[in-house]
Amino acid sequence: MTSTKTDGPQSGGPRGRLRAAAPLLAAAAVLYNAWLLESLVPTGLDARHSYVSELYAADGAYRWLFGGLELVCATLVVAGAVLGATTAATGDRAARAGWWALAGLGVCSVADVLMPMTCTPSLRPGCRAVHPTHTLTSALVHCCLFASMALIVWAARRRGHPPLIARWGMPVAGAALVSSLCTVGPLIGHGGWHGVAQRCHLLLVGAWLALLAHRAWTARPVPDAPPGPPARRPAVGSAARVASLDGARDGPPTPSISSGPPERAE
């Protein structure tokens with residue numbers, strides 16, 4: 001009979017470690033949209049025409065609040081992604097690479113906070129929207145995000161598992177890509193309404209993290225290799241019978257030939 005591993009989140013098995021990633025990714029999905037707090041905090045920003053990064057710009061009044069939440073979110077993403085990468089199936093290189101790309105997203109998000117915008121472009125007319133280091137780290141965040149989406153979705157669609165990612169991963173990734181492209185207006189001198197597009201993009205990224213959390217929590221048990229047939233032990237006395245049969249096949253022993261004539265009995 002084939003047995004299966006049913007290790008829970010408390011165990012140290014691969015499935016237990018993967019399930020441990022689920023609450024981390026679920027919390028990250030919520031914190032990735034911490035910008036919703038701007039409706040409660042007087043930031044002075046117009047959500048329609050401002051980047052979310054302006055919430056933790058160097059001259060922002062609530063930089064440490066929103067920047068701190070972003071750092072916590074990035075830490076959760078890295079931790080969950082590392083658990084996912086180290087428990088991926090050995091032969092599933094695409095999914096493993098996708099999890100590592102997600103970890104890269106978290107690392108680049110940390111850099112995004114540590115190298116923020118120096119000023120808020122939507123509030124200060126003389127402030128440029130392009131801040132070289134921050135723009136670079138933001139670009140790397142998006143590269144890692146879409147790499148993780150492409151690899152994990154491709155692996156899921158190829159295997160048909162997990163079904164939720166195989167079905168919804170592509171629409172979420174496509175919508176996230178379109179909304180991301182709609183945020184580049186200020187970077188090329190055509191701003192306006194990019195804040196709406198970016199906030200829709202962040203909601204879609206949160207949905208992606210939620211899909212990964214669901215995938216981690218509902219991971220299938222890994223079946224053990226079926227045991228081989230038991231070794232057959234020879235019955236008692238079989239070795240003696242085999243030896244006697246071998247002796248019978250060999251025939252009677254060859255008599256020795258004497259060099260001289262046989263002796264006569266007196």
Side-chain angles (χ1 to χ4, degrees), residues 2 4-9 11-29 31-32 73-112 136-181 201-226:
T2 303
T4 54
K5 295 178 183 178
T6 56
D7 50 337
S11 68
R15 185 180 178 232
R17 295 199 305 274
L18 182 57
R19 293 191 72 184
L24 302 177
L25 295 171
L31 288 179
Y32 211 87
C73 177
T75 303
L76 293 173
V77 168
V78 172
V82 169
L83 287 173
T86 55
T87 55
T90 304
D92 199 351
R93 296 181 180 179
R96 187 184 295 270
W99 283 107
W100 283 120
L102 186 69
L105 181 151
V107 173
C108 293
S109 296
V110 172
D112 211 38
L136 175 62
T137 56
S138 296
L140 292 175
V141 166
H142 285 84
C143 286
C144 292
L145 169 67
F146 292 119
S148 76
M149 286 181 165
L151 290 165
I152 294 176
V153 170
W154 181 76
R157 290 172 68 89
R158 182 186 60 177
R159 294 179 293 123
H161 178 78
L164 204 62
I165 290 181
R167 179 178 181 182
W168 294 106
M170 187 67 73
V172 170
L177 178 59
V178 171
S179 59
S180 176
L181 293 175
H201 171 76
L202 296 178
L203 288 172
L204 290 165
V205 176
W208 171 246
L209 293 174
L211 283 175
L212 294 179
H214 180 271
R215 185 262 178 277
W217 186 254
T218 58
R220 290 177 179 174
V222 181
D224 290 330

Between side-chain atoms of residues 79-87 and protein atoms elsewhere (two or more places apart, or another chain), which donor-acceptor pairs fall under 3.5 Å?
residue	atom	partner	partner atom	Å
Thr86	OG1	Val82	O	2.9
Thr86	OG1	Leu83	O	3.2
Thr87	OG1	Leu83	O	2.7
Thr87	OG1	Gly84	O	3.4

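Here the side chains of Leu76 and Tyr32 are not in contact, with every heavy-atom distance at 4.5 Å or above. Two residues are said to be in side-chain contact when any heavy atoms from C-beta on lie closer than 4.5 Å; Ile165 and Leu212 meet this criterion. Trp99 places none of its side-chain heavy atoms less than 4.5 Å from the side chain of Arg96. Side-chain contact between Pro162 and Thr218: absent, with no pair of heavy atoms (C-beta onward) separated by less than 4.5 Å.
Of the candidates Leu151, Ile152, Leu25, Leu25 is the only one forming a side chain to side chain contact (heavy atoms under 4.5 Å, CB included) with Leu102.
Smallest separation of non-hydrogen atoms from Ala101 and Ser148: CB-N, 3.7 Å. Residues Ser138 and Asp112 come closest through the heavy atom pair OG-OD1, 2.9 Å.
At most 12 heavy atoms of other shown residues, nucleotides or ligands fall within 6.0 angstrom of atom CZ in Arg157.
With sequence neighbours left out, Arg159 forms a salt bridge (charged side-chain N to carboxylate O under 4.0 Å, His left out) with Asp92.
A donor-acceptor pair under 3.5 Å links the side-chain atoms of Ser109 to the main chain of Leu105, judged by distance alone.
Ring planes of His142 and His201: parallel class, angle under 30° (limits at 30 and 60°).
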